[in-house]
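Model, not experiment: these values are computed from the prediction.
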Protein chains: 2
Amino acid sequence: MEISKDLIRGHTDTIILNILNQGDSYGYQVSKSIRQLSDHQYELNEATLYTAFRRLEKLGDIESYWGDETQGARRKYYRITSQGQDHLATALDEWRFAKKVISNLISGRIEL
Amino acid sequence: MEISKDLIRGHTDTIILNILNQGDSYGYQVSKSIRQLSDHQYELNEATLYTAFRRLEKLGDIESYWGDETQGARRKYYRITSQGQDHLATALDEWRFAKKVISNLISGRIEL
DNA sequence: TAAACTACTGTGCTTGTCAAAGTAATTTAC
DNA sequence: GTAAATTACTTTGACAAGCACAGTAGTTTA
């Protein structure tokens, strides 16, 4: 089963915040976490991921710092801010609510 | 609670198909059905609605015909096609699946 | 030493949605 | 009787998220 891109749209930032809320991470690892969390059902395009990082940093939901790798390629790490944690909590609430509304909209009966 | 536009994105066509699956309808009435189905939590922008009608008609999921109103403004009615009914069923399956995947992505724990 | 993997960035395009404005008829309120 | 509200459909222009594609660069494995 393929998940249409538009069904994920609007969740990208929340997905990243959820992952960073469990510990600092960097692009490639976040990418792998998404694969793992979705049971290999979903992959986020690299460009989308890094675009989201920049958006979230601009918003103040995350902060970045370069790791000092003694080996391997350089990595930019991201850390969630307390504002980011607030936004994550809000987004989770919104999702619980939206889930019901959407279910009604796409399969509910119309009462005249 | 406000539902962000991006959470509905990707569902617009399915919402319309669900409504038309319960009987032919026209723009304004579909708009009201959406308000009713969402318990006044959501409203679809007119331009978005009519854009979706045109998209769905081009795809062959719906068909249109002008009503012969003896009174009131002219109305363009829409009817779901059997292809549209197939697509509606597929979209409902996809939603059931995506709901779980999304929930995992935004609130699941990462196992190392 | 070539291939595969890790890691990040930039450009340009597509698509869905929306705000705003327009057209036009009908119905309700003053 | 006319102004306001409602019904009903359309067009235009803009925006933001996401993506494909391409590029840079270091590391590990075959």
When you check the phosphate oxygens OP1 and OP2 of C:dC8, does a side-chain N or O of A:Tyr50 lie under 4.0 Å from one of them?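 For C:dC8, OP1 or OP2 has a side-chain N or O of A:Tyr50 closer than 4.0 Å.
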Is the phosphate of C:dC8 approached by A:Tyr28 (side-chain N or O, under 4.0 Å from OP1 or OP2)?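 Negative; the distance criterion is not met.
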Taking the side chain of B:Arg75 as heavy atoms from C-beta outward, which of D:dT7, D:dT10, C:dG10 is closest to it? D:dT7
For B:Tyr26, all residues meeting side-chain contact (heavy atoms from CB on, under 4.5 Å), sequence neighbours excluded: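 In terms of side-chain contact (heavy atoms from CB on, under 4.5 Å), with neighbours along the sequence ignored, B:Tyr26 is linked to B:Tyr28, B:Gln29, B:Arg75, B:Tyr77.
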Checking [X] side chain against [Y] main chain: does a donor-acceptor pair fall under 3.5 Å?
X: A:Gln41; Y: B:Val101; value: no
X: B:Asp13; Y: B:Ala52; value: no
X: B:Gln83; Y: B:Leu59; value: yes
X: B:Thr14; Y: A:Ile106; value: no

Atom pair distance, as rounded to whole Å: [atom1] in [X] and [atom2] in [N]:
X: B:Lys58; N: C:dT15; atom1: NZ; atom2: C1'; answer: 12 Å
X: B:Tyr65; N: D:dC9; atom1: OH; atom2: P; answer: 12 Å
X: A:Tyr78; N: C:dA7; atom1: OH; atom2: P; answer: 13 Å
X: B:Phe53; N: D:dT10; atom1: CZ; atom2: P; answer: 10 Å
X: B:Tyr77; N: D:dT7; atom1: OH; atom2: P; answer: 14 Å
X: A:Lys76; N: D:dG26; atom1: NZ; atom2: C1'; answer: 17 Å
X: B:Arg54; N: D:dT10; atom1: CZ; atom2: C1'; answer: 6 Å

What residues, two or more places apart in sequence or in another chain, satisfy salt bridge (charged side-chain N to carboxylate O under 4.0 Å, His left out) together with A:Glu46?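 If we apply the salt bridge (charged side-chain N to carboxylate O under 4.0 Å, His left out) test to A:Glu46, skipping adjacent residues, there are no hits.
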Indicate for each nucleotide in nucleotides 16-23 of chain C, in 5' to 3' sequence, whether protein heavy atoms under 4.0 Å reach the base (B), only the sugar-phosphate (S), or nothing (-). BBBBB---
